[in-house]
Amino acid sequence: MSDGPQNTSAGEEPRLHYEDEAGQGTGRRDLAGLAIAVALFVLAAIIVNDASGYVIRRSYAQFGPEIVPYLVAAGITVLGILTVVMALQGRFEARERLNIGGILWLIGGILAEIAMLYGGTGFIPGSAVLFACAARAFGQTTLPLNLLVGAVLSTLLFLLFRYGLGLSLPAGPLERTIDLLLR
C-alpha cells in the first residue's frame, strides 16, 4: 500500500496510509505501545491465574459462570495482540509531550489521601484534597474553589455510600459529626 492519498468517494477528503479520524500514524515502531501490550498480556495472565482457582459449576451447557473471566482474558489478549501489531507497524499517532507536573499532582493527591486516611482525617477531607490535586493536574488553578467542590462532592458520596448503600467509609471527626447529626 502506498503512502499517497487513497481513492475516496466524492465529497470526502483523501486519507493517507495509517490515517484515521484522530490523525496520521508515525510510521515508526512505538515502544510505549509495546509496553502497553505487555501490560495487557500480564493483566490477561493475572485474570487466568485467578480464574483457575474458581469452583467449577457445570450446567446443562457443560460450562458455568467460571468461563466469564476466561472470555475477558481472551478479549484482553486479542487487544494485546492488536496493540503489538499497531506498535510494530507504527500505526499509533504521535503523542503530545508528557505532562510531568500533572502526573506529580495526581500522585501527590493520591499519597495525600492515603496519608490522611491513615492519619484518621476521614474520607471527606481526604477525597476533597485528592479532587483538588486532580483538578490542578488537569489545569484548574483555583485551589480554594477546587477544595470546596471536592468537599461538596465527597460529602455527597459519603452520604450516598453510608446512608444510601449502608457501606462504611473511613471516618474522621467530620464523618462522625455527620453520623451524630443524622441518627
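Note that these values count all heavy atoms, side chains included, but never hydrogens, waters or copies made by symmetry. This structure is a prediction, so every number in the text was calculated from the model and none was measured.
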Query raised in the report: Do other residues, nucleotides or ligands put more than 12 heavy atoms under 6.0 Å from the CG atom of Leu31?
Result: no
Query raised in the report: Counting heavy atoms not belonging to Tyr163, are there more than 12 under 6.0 Å from its OH?
Result: yes
Ignoring hydrogens, what is the shortest heavy-atom contact between [X] and [Y]? Give both atom names and the distance.
X	Y	value
Ala37	Val84	CB-CG2, 3.4 Å
Ser168	Arg162	CB-NH1, 3.8 Å
Gly102	Ala137	O-CB, 3.2 Å
Pro173	Gly120	CD-O, 3.7 Å
Leu117	Pro170	CD2-CB, 3.7 Å
Pro69	Ile47	O-CG2, 3.3 Å

Can you find a heavy atom in the side chain of [X] that is under 4.5 Å from one in the side chain of [Y]?
X	Y	result
Leu156	Phe161	no
Thr121	Val129	no
Thr77	Leu40	no

Would a distance-only check, ignoring hydrogens and angles, find a side-chain to backbone donor-acceptor pair under 3.5 Å from [X] to [Y]?
X	Y	answer
Asn146	Thr142	yes
Arg136	Leu143	no
Glu175	Gly172	yes
Ser127	Ile124	no

**Report entry** Cluster overlap Val48 with Val72, hydrophobic side-chain contacts below 4.5 Å
**Finding:** no
Query raised in the report: Out of curiosity, does Leu157 fall in the hydrophobic cluster containing Leu182 (side-chain heavy atoms, cut-off under 4.5 Å, transitive links)?
Result: yes
Query - Separation between CZ of Phe131 and CD of Gln140, rounded to the nearest 0.5 Å - result: 8.5 Å
Query raised in the report: Should Thr155 and Phe123 be marked as a side chain to side chain contact (heavy atoms under 4.5 Å, CB included) after you check the CA-CA gap, both sets of side-chain angles, and the distance that decides it?
Result: CA-CA 9 Å; Thr155 300; Phe123 174 80; over 6 Å; no
